Amino acid sequence: MGKMFLSHLTLSHFRSHHLVRLDLDARPVAIFGNNGAGKTNLIEAVSLFSPGRGLRRASAQDMARRPESLGWKLSGILNAPSGLHEISVTSEAGASRQVQIDNKSTPQTALASLTRVLWLIPAMDRLWIEGAEGRRRFLDRMVLSFFPGHAEASLTYEKTMRERNKLLKEQVRDAHWYAVLETQMAKTGAVIHANRVAALSRLHAAQSSSQTHFPTAELELTQSEGTMPGTEADLLEALQESRFRDMAAGRTLVGPHRTDLYGVYAAKSVPASDCSTGEQKALLISLILANARALSAEIGAPPLLLLDEVAAHLDAGRREALYHEICALGAQAWMTGTDAELFSGLGSRAQYLEVGDTSGASEVFLRD
Ligand SMILES: Nc1ncnc2c1ncn2[C@@H]1O[C@H](COP(=O)(O)OP(=O)(O)O)[C@@H](O)[C@H]1O
Ligand SMILES: [Mg+2]
């Protein structure tokens, strides 16, 4: 089985980190250190090697090391089935991110076909009970791992929708203008929907074909009101029909941006939202692992996994099961925890980083 991992990572002026240079191998990366030491900041940096705003959805400016706020730079060497690639992500003071792959400037979305990054962070513990947006984002990150074009389709869809919403708000009645935008939205919206459907079927297959200690989640796409976009033609019709209602609302009420993800704890037939906190977390871990297995079969390597504080909330048995599955996948899983002891079950199967913040800046040490 192939590998996907960072063999080198440099952070410069990124959040609490002044300068960090790490040489790594393909094993999981266990990161420990006190609260506020800079562990999540480190894996946030890794998350920026995929399209989007990273695992905190922060602006480029927020990520610049304070008080200097001079901008920041991340660079990494990615070992992927397609070979070695040098990736750099830079933000000049206050400016948006610039991406280079192998020294060539590229749009951010180009990262999608190169790196695959999935994550779980503590804020997602409430994913099943909070609003649809978080679930949609979680879903789309998985979808993106299978379909790199999903990033571009989503950007185009959203940009076009913003233009349509502007017309709606300004009560513009030019039918031709709407038709142009709706045609574009229907086209990209249908792609988004089709990608999601296909990704769910891959996740479903990966969950049912594997022995795992984590519970199976049955997933379904839903939409509380309006039509669920199926084909391009359906969506186009729905948008046209919704124009009047949309104008009253000042925004677009139908389309894939309204889709929600409904999850059921399969063994118990209980909606994920009604499960215990621990069960809800286990469902997310299960999905991330299923995604990784499916991806491994599809592109020849598992994705990078970023699992923030994941070990703390698992009992010892589940923790061992997680480590076992990660090692069986051969994934470079970046895991954080306050206590090195949480990772003791990994032994030499992982590499260890200790993060401290003694001198007012985070410091990272490679430990045996
Ligand atoms: N832009 C920034 N510049 C400097 N420090 C920052 C910046 N953003 C966050 N921090 C600091 O980083 C620390 C939190 O780091 P974090 O990685 O979340 O810690 P943990 O090790 O608990 O995961 C906090 O002390 C916070 O003040
Ligand atoms: Mg943290």
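Quick caveat: nothing in here was measured; it's all calculated off a predicted structure. Just so you know, ligand 1 is whichever comes first in the structure, and atom 1 is the first atom listed for that ligand. Only this structure's heavy atoms are used, side chains among them; waters, hydrogens and symmetry mates stay out.
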Numbering as shown, the atoms of ligand 1 that approach Arg65 to under 4.0 Å (heavy-atom distance): 3 (N)
Contact summary for Met4 and Leu114, nearest pair of heavy atoms: CE-O, 3.5 Å
Could you list the atoms of ligand 1 found under 4.0 angstrom from a heavy atom of Asn34? 21 (O)
Within reach of ligand 1, part of Asp308 (heavy-atom separation under 4.0 Å): neither
If you measure from each heavy atom of Leu42 to ligand 1, is any distance below 4.0 Å? no
Residue-ligand contact Gly33/ligand 1, heavy atom below 4.0 Å: no
shortest atom 23 (O) of ligand 1-to-protein heavy-atom contact is with Thr40 OG1, 2.7 Å
So, is Met63 polar-close to ligand 1, with some N/O to N/O distance under 3.5 Å? no
Report yes if some heavy atom in the side chain of Leu203 is under 4.5 Å from a heavy atom in the side chain of Met142; otherwise report no. yes
Looking at non-hydrogen atoms alone, which of Asn41, Ile31, Asn35 comes nearest to atom 10 (N) of ligand 1? Asn41
Asp62 touching ligand 1 at heavy-atom level, < 4.0 angstrom: yes
Looking at atom 26 (C) of ligand 1, would you say a protein heavy atom lies below 4.0 Å from it? no
Should His13 be listed as contacting ligand 1, given a heavy-atom distance under 4.0 Å as the test? no
Which atoms of ligand 1 sit under 4.0 Å from any heavy atom of Lys39? 17 (O), 19 (O), 20 (P), 21 (O), 22 (O), 23 (O)
Nearest to atom 20 (P) of ligand 1 by heavy atom, Gly36, Ala64, Ser16: which? Gly36
Please identify each residue that fulfils side chain to side chain donor-acceptor pair (under 3.5 Å) with Glu86, with sequence neighbours left out. none
Under a 3.5 Å distance rule, please check whether His17 uses its side chain to pair with a backbone N or O of Gly38 as donor and acceptor. yes
Find all atoms of ligand 1 within a distance of less than 4.0 Å from any non-hydrogen atom belonging to Gly38, and give their numbers and elements. 15 (O), 16 (P), 17 (O), 19 (O), 20 (P), 21 (O)
Classify the contact between His18 and ligand 1 as side chain, backbone, both or neither, using a heavy-atom distance cut-off of under 4.0 Å. neither
